[in-house]
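In what follows, a single structure is set out as structure tokens and then discussed.
Below, each value reflects all heavy atoms present in this structure, side chains not excepted, and no hydrogens, waters or symmetry copies. Quick caveat, the model's predicted, so the values are computed rather than measured. Just so you know, residue 1 is the first one in the sequence shown, and it goes up from there.
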Amino acid sequence: MYTMFTFGSKLLSEGLILFRTFTGLQILSRNRSSYQCVISLAMSDGPEKKRLCVHEDIAKFDSLFPELLTEVTSAFNTADTRDAFDWFQEVLRYNVPHGKKNRGLATVQSYRSLVKPDSLTEEDLKIAMVLGWCVELLQAFFLVADDIMDSSTTRRGQPCWYKMKNVGMIAINDSFYIESCIYILLKKYLRNKPYYADILDLFHETTFKTIHGQCLDIVTASSDEKQTDLSKFTMGRFTTTVKYKTAYYSFHLPVALALFLAGIGDKESHAVSEKILLEMGHFFQVQEHYGKADADSIHIVKSLYSKLNLKQTYVEYEEESYEKLCRIIEEECTSLPKDIFFSFAQKIYKREK
């Protein structure tokens, strides 16, 4: 699915949906339980140009990080605070730019989908990228703290930050620092924008919700196995934990930021977006949840998965979930470009982990 602005959609016949976009026409076919793009009729700015824009966005996004790094650390580049300056530069370099950056890039690509090409300015595109990096900073803040609480050893193929030489529990303070960088950047780039207060509230609310999700995760699975209350391991608890710990900051936040940046602040549009994206967040987390992160536990779960022949059960669940997502998007997303949400859905559907 190409991430393009949708003027509207029309049901052609049972299982066929037509999308008119800025770059052409697309027909989606419902194959069994899933929607697939079967025809894409491109106009002058077709899919190839769209792919080029995505690659350009990735390159520009990556190249922006050193500039932002300087902006958030430069105030302490003095003789009296040089040690803190050097330390926090390393904190940011080690923990922020090395992930897949899906959340940050989703902010940029969602914003592109909401704005007509002839209305897209370099200034606004840069702000979208700054917001994308703020999402990546929020993710890094959560992960540094989460690794300590979970006693994890590696993250993204390298030692967790608190496991690095001379770091240890200093990483707690470092996680606070990473979060504070978000608000330094928001003040610098958004202070005079009409959506500044809305975006500040959004980051605070998202952090608040994620902290509650982390609490539910920790108290449900006690580090002391003798103290673990198995009665708490219910589908309801799992769904609530995923919603607050993962879905809000990973799925809802990037699109909500893009909406505000594009001048879309009405409650109805945000409510529809939230409903769709929280559903995606649940689907995403189910794909890789083992309960415990150590290799032995994962092996046991995978072995049971095979012995109980749960693969077919999961395949059926995946198809049903994807169908439900597409149905919600088609039926309820009347005021926003559907392409944003179909693009998200296709990225997580049958994804390879």
Side-chain angles (χ1 to χ4, degrees), residues 57-108 125-191 196 199-200 202-204 206-208 210-211 214 245-246 248-250 253-254 257 261:
D57 282 347
I58 293 172
K60 288 181 179 179
F61 191 74
D62 287 340
S63 68
L64 182 60
F65 181 74
E67 178 184 336
L68 301 182
L69 176 70
T70 299
E71 289 175 350
V72 296
T73 59
S74 59
F76 288 89
N77 189 11
T78 65
D80 291 342
T81 57
R82 184 62 51 81
D83 286 346
F85 169 79
D86 292 338
W87 182 271
F88 286 132
Q89 284 227 329
E90 182 59 22
V91 168
L92 295 175
R93 289 194 188 100
Y94 192 89
N95 291 290
V96 180
H98 303 299
K100 295 178 182 177
K101 295 173 282 239
N102 289 334
R103 296 163 182 81
L105 289 168
T107 307
V108 180
L125 186 58
K126 182 176 182 179
I127 290 176
M129 292 187 178
V130 171
L131 290 174
W133 275 115
C134 286
V135 176
E136 293 297 318
L137 285 163
L138 188 67
Q139 154 103 329
F141 156 53
F142 292 147
L143 296 185
V144 169
D146 184 66
D147 286 342
I148 298 171
M149 288 181 270
D150 289 348
S151 300
S152 300
T153 56
T154 60
R155 169 71 65 181
R156 295 169 177 166
Q158 60 185 10
C160 296
W161 176 242
Y162 83 100
K163 287 288 188 179
M164 294 294 288
K165 184 179 180 181
N166 299 324
V167 178
M169 292 302 103
I170 299 173
I172 297 173
N173 189 60
D174 295 338
S175 72
F176 301 157
Y177 173 76
I178 295 171
E179 184 196 20
S180 71
C181 291
I182 297 168
Y183 300 100
I184 297 296
L185 293 174
L186 293 181
K187 182 178 179 180
K188 176 178 174 60
Y189 285 94
L190 274 63
R191 189 175 187 178
Y196 181 41
I199 287 179
L200 278 177
L202 181 60
F203 270 102
H204 285 306
T206 302
T207 303
F208 188 67
T210 306
I211 290 169
Q214 176 73 353
K245 181 176 179 178
T246 302
Y248 270 108
Y249 91 88
S250 296
L253 177 61
L257 288 170
L261 182 56

Is there a side-chain contact between Phe88 and Ile178 (heavy atoms, below 4.5 Å)? no
Please list, chain by chain and in numerical order, all residues satisfying side-chain hydrogen bond (donor to acceptor under 3.5 Å, both in side chains) with Arg156, sequence neighbours excluded. none
Between Thr107 and Leu261, does the side chain to side chain contact (heavy atoms under 4.5 Å, CB included) criterion hold? Intermediate values first, please. CA-CA 10 Å; Thr107 307; Leu261 182 56; over 6 Å; no
Please determine whether the number of non-hydrogen atoms from other residues, nucleotides or ligands lying under 6.0 Å from atom CZ of Phe76 exceeds 12. no
On a heavy-atom basis, which atom in Thr210 and which in Lys245 lie closest, and how many Å separate them? CG2-O, 3.4 Å
Between Leu92 and Leu137, is there a side-chain heavy-atom distance shorter than 4.5 Å? yes
Do Leu253 and Arg103 have side-chain heavy atoms sitting under 4.5 Å apart? no
Minimum-distance pair of heavy atoms, taken over all atoms of Glu136 and Asn102: OE2-N, 4.1 Å
Is there a side-chain contact between Pro159 and Tyr94 in this structure, where contact means two heavy atoms from C-beta onward sitting under 4.5 Å apart? yes
Between atom OG1 of Thr246 and atom CD of Gln214, what is the distance when rounded to the nearest 0.5 Å? 9.0 Å
How long is the gap from CG on Leu64 to CE on Met129, to the nearest 0.5 Å? 7.5 Å
side-chain hydrogen bond (donor to acceptor under 3.5 Å, both in side chains) partners for Asn95, two or more places apart: none
Only counting residues at least two apart or in another chain, list the ones meeting salt bridge (Lys or Arg N to Asp or Glu O under 4.0 Å) with Asp62. Lys101
Just jot down the side-chain hydrogen bond (donor to acceptor under 3.5 Å, both in side chains) partners of Ser74, sequence neighbours excluded, or say none. none
Could you list the residues that satisfy salt bridge (Lys or Arg N to Asp or Glu O under 4.0 Å) with Lys187, not counting sequence neighbours? none
Go through the structure and list residues passing ring-ring contact (aromatic ring centres under 6.0 Å, His included) with Phe142, not counting sequence neighbours. Tyr249
Quick check: closest heavy atoms across Pro97 and Phe65, and the distance to 0.1 Å? CG-CE2, 3.8 Å
Rounded to the nearest 0.5 Å, the CD1 atom of Ile199 sits from the CG atom of Leu190 at a distance of 5.0 Å
Sorted by chain and number, sequence neighbours left out, ring-ring contact (aromatic ring centres under 6.0 Å, His included) with Tyr189 holds for none
Check for a donor-acceptor pair, side chain of Trp133 on one end and backbone N or O of Phe61 on the other, with a separation under 3.5 Å. yes
Hey, could you give me the CG/OH distance between Leu186 and Tyr196, rounded to the nearest 0.5 Å? 6.5 Å
By side-chain contact (heavy atoms from CB on, under 4.5 Å) - contacts of Ser175 (at least two apart): Phe141, Val144, Ala145
Taken to the nearest 0.5 Å, the spacing of Leu69 CG from Gln89 CD works out to 4.5 Å
Hey, does Lys100 have a side-chain heavy atom less than 4.5 Å from the side chain of Leu105? no
Which residues pass the salt bridge (Lys or Arg N to Asp or Glu O under 4.0 Å) test with Lys60, not counting sequence neighbours? Glu122
Quick one: list whatever passes ring-ring contact (aromatic ring centres under 6.0 Å, His included) with Phe203, sequence neighbours left out. none
Does any non-hydrogen side-chain atom of Thr70 lie less than 4.5 Å from one of Asn77? no
Aromatic rings Trp161 and Trp87: how do their planes relate, parallel, tilted or perpendicular, breaks at 30° and 60°? perpendicular
Residues at least two apart in sequence or cross-chain that pass side-chain contact (heavy atoms from CB on, under 4.5 Å) with Asp150, listed by chain then number, are Asp146, Ser152
With a 4.5 Å cut-off on side-chain heavy atoms, are Ser180 and Phe176 touching? no
Minimal non-hydrogen separation, Leu138 against Thr206, with atom names: CD2-CG2, 4.2 Å
Partners meeting ring-ring contact (aromatic ring centres under 6.0 Å, His included) with His98 (sequence neighbours left out): none
Are any of the side-chain heavy atoms of Glu67 and Lys126 separated by less than 4.5 Å? yes
Hey, could you give me the OG1/CD1 distance between Thr73 and Ile184, rounded to the nearest 0.5 Å? 11.0 Å
